[in-house]
Amino acid sequence: MFGELFDPTSEFDIEERLRPHWSQAGAIVFITIRTHDSIPTEVLRRWDREKNQWLEQRKLLKGRHWSDVITTLDPQIAIDFKKVFNRCRENFLDTCYGACVLERPELAKIVADSLLKFDGELYQIGDFVIMPNHVHLLAAFPTEISMKKQCESWTRFTGTRINRINQTKGRFWQQEPFDHLVRSLRQYEYLREYIADNPKKANLRSGQHFYYRRPDD
């Protein structure tokens, strides 16, 4: 592997923004970045209600919002919660909602070139796939704070370039990515396979996506 597995006994960081972001120096992280128009507001609101209901049914909400409770849950319950709603998000993204401009090869290449530009210098990039309205990637960063900075750099640079080419304005990417630290070799292999199979799962044709597989060391 190009990075390390998450070690809960070593130092790591949890940053609270719109959602919790876990990071650890050198650990491999699975990141999903989606375009701003990839999930409509009404779907996000429905999921928000369903998250509250999921916790309320288990008597864990206690009048609070799910986002105020998630970091206090028993680890196994938190894992189950994330599995349910991560699956909802991934399944919806694969319906290719929105303008889906990243199916255009010249725009997908802008994103791919940006991800690879400082590979081996500022970070280590693993496999990735650029779908019409989102990106999945594996990466490892040298410090806890560098994941946030690098994701902001990728989205700012590529969003500006793509907007300029499309003669559009406004936010191109959703404000924050989804990220998950890889905890086992089995999970690492599963995520590599998930990235490789994502275009087929979304019924994409050749030329509608960009797939990169990191050369095996």
Side-chain angles (χ1 to χ4, degrees), residues 2-3 15 17-19 21-23 28-41 44 86 89-90 92-182 191-192 194-199 201-202 204-215:
F2 61 92
E15 181 177 351
R17 286 181 276 164
L18 296 181
R19 63 186 66 89
H21 298 273
W22 291 46
S23 57
I28 300 172
V29 59
F30 176 69
I31 300 174
T32 299
I33 306 171
R34 68 178 182 88
T35 58
H36 184 60
D37 65 349
S38 58
I39 303 177
T41 301
L44 293 172
N86 285 352
R89 183 186 68 245
E90 299 301 332
F92 191 91
L93 287 175
D94 289 339
T95 66
C96 296
Y97 182 88
C100 292
V101 299
L102 294 177
E103 70 178 2
R104 291 164 52 186
E106 71 275 19
L107 301 186
K109 188 175 185 301
I110 290 172
V111 179
D113 288 347
S114 179
L115 294 177
L116 291 168
K117 184 168 180 63
F118 294 108
D119 179 30
E121 298 180 42
L122 300 182
Y123 48 82
Q124 299 289 333
I125 199 77
D127 299 0
F128 64 80
V129 64
I130 301 167
M131 303 287 284
N133 64 356
H134 66 282
V135 178
H136 293 306
L137 67 100
L138 290 163
F141 301 90
T143 67
E144 285 83 358
I145 64 171
S146 51
M147 179 182 74
K148 173 190 173 184
K149 291 182 177 179
Q150 190 57 54
C151 285
E152 289 175 348
S153 177
W154 283 331
T155 55
R156 183 173 59 250
F157 174 77
T158 58
T160 299
R161 286 282 306 278
I162 292 170
N163 273 340
R164 185 180 301 132
I165 291 170
N166 287 339
Q167 297 184 330
T168 53
K169 294 182 179 180
R171 185 184 298 171
F172 180 76
W173 298 103
Q174 180 62 20
Q175 185 175 355
E176 288 187 19
F178 293 90
D179 48 80
H180 174 78
L181 289 170
V182 179
L191 290 170
R192 294 192 79 181
Y194 183 89
I195 288 171
D197 290 345
N198 201 206
K201 180 173 177 283
L204 298 183
R205 301 185 305 273
S206 176
Q208 289 185 301
H209 66 279
F210 186 109
Y211 170 64
Y212 171 83
R213 182 177 177 87
R214 180 183 174 91

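Taking Gln167 as the reference, nothing meets the side-chain hydrogen bond (donor to acceptor under 3.5 Å, both in side chains) condition, with sequence neighbours excluded. Partners of Thr143 under the side-chain hydrogen bond (donor to acceptor under 3.5 Å, both in side chains) rule, at least two apart in sequence or in another chain, are Ser146. Considering only residues two or more places apart in sequence or on other chains, Arg213 meets the salt bridge (Lys or Arg N to Asp or Glu O under 4.0 Å) condition with Asp127. With sequence neighbours left out, Tyr212 forms a side-chain hydrogen bond (donor to acceptor under 3.5 Å, both in side chains) with no residue at all.
Pro199 and Ile195 get closest at one heavy-atom pair: CD-O, 3.7 Å. Closest of all the heavy-atom pairs between Pro132 and Cys96 is CG-SG, 4.0 Å. Taking each heavy atom of Gly207 and Pro105 in turn, the nearest pair found is O-CG, 3.8 Å. Pairing each heavy atom of Asn198 with each of His134, the nearest pair is OD1-NE2, 3.2 Å. Here the shortest heavy-atom pairing between Phe2 and Ala140 reads CE1-N, 3.6 Å. The nearest pair of heavy atoms linking Leu181 to Ser23 is CD1-N, 3.9 Å.
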Under 3.5 Å, side-chain donor or acceptor atoms of residues 108-120 against the rest of the protein: list the pairs with distances, not counting sequence neighbours.
residue, atom, partner, partner atom, Å
Lys109, NZ, Asp113, OD2, 2.7
Asp119, OD1, Ile125, N, 2.8

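For residues 157-171, no pair satisfies salt bridge (Lys or Arg N to Asp or Glu O under 4.0 Å), with sequence neighbours left out.
Heavy-atom contacts from other residues, nucleotides or ligands closer than 6.0 Å to NZ of Lys149 number 12 or fewer.
Residues Phe172 and Val101 meet the side-chain proximity criterion, which asks for heavy atoms closer than 4.5 Å. Counting heavy atoms from C-beta on, the side chains of Ile31 and Met147 come closer than 4.5 Å. Contact of the Glu90 side chain with the Leu93 side chain is registered, since non-hydrogen atoms from C-beta on lie closer than 4.5 Å. Side-chain contact between Leu122 and Gln150: present, with at least one pair of heavy atoms (C-beta onward) separated by less than 4.5 Å. A heavy-atom distance below 4.5 Å is not found between the side chains of Gln175 and His36.
Note that SG of Cys151 is 10.5 Å distant from CH2 of Trp173, once rounded to the nearest 0.5 Å. Remark: His180 NE2 to Thr32 OG1 distance equals 11.0 Å, nearest 0.5 Å. Note that CG of Leu137 and CZ of Arg214 are 12.5 Å apart. Values are rounded to the nearest 0.5 Å. Residue Leu107 holds its CG atom at 5.5 Å from CD1 of Ile162, rounded to the nearest 0.5 Å.
A donor-acceptor contact shorter than 3.5 Å is absent between the side chain of Ser38 and the backbone of Arg34. Listed for the Thr35 side chain is a donor-acceptor partner under 3.5 Å among the backbone atoms of Asn133.
For an aromatic pair to be called close, the ring centres must be under 6.0 Å apart, and His136 with Phe30 satisfies this.
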Determine whether Gln174 and Ile33 satisfy the following criterion, side-chain contact (heavy atoms from CB on, under 4.5 Å), listing intermediate values before the conclusion. CA-CA 7 Å; Gln174 180 62 20; Ile33 306 171; over 6 Å; no
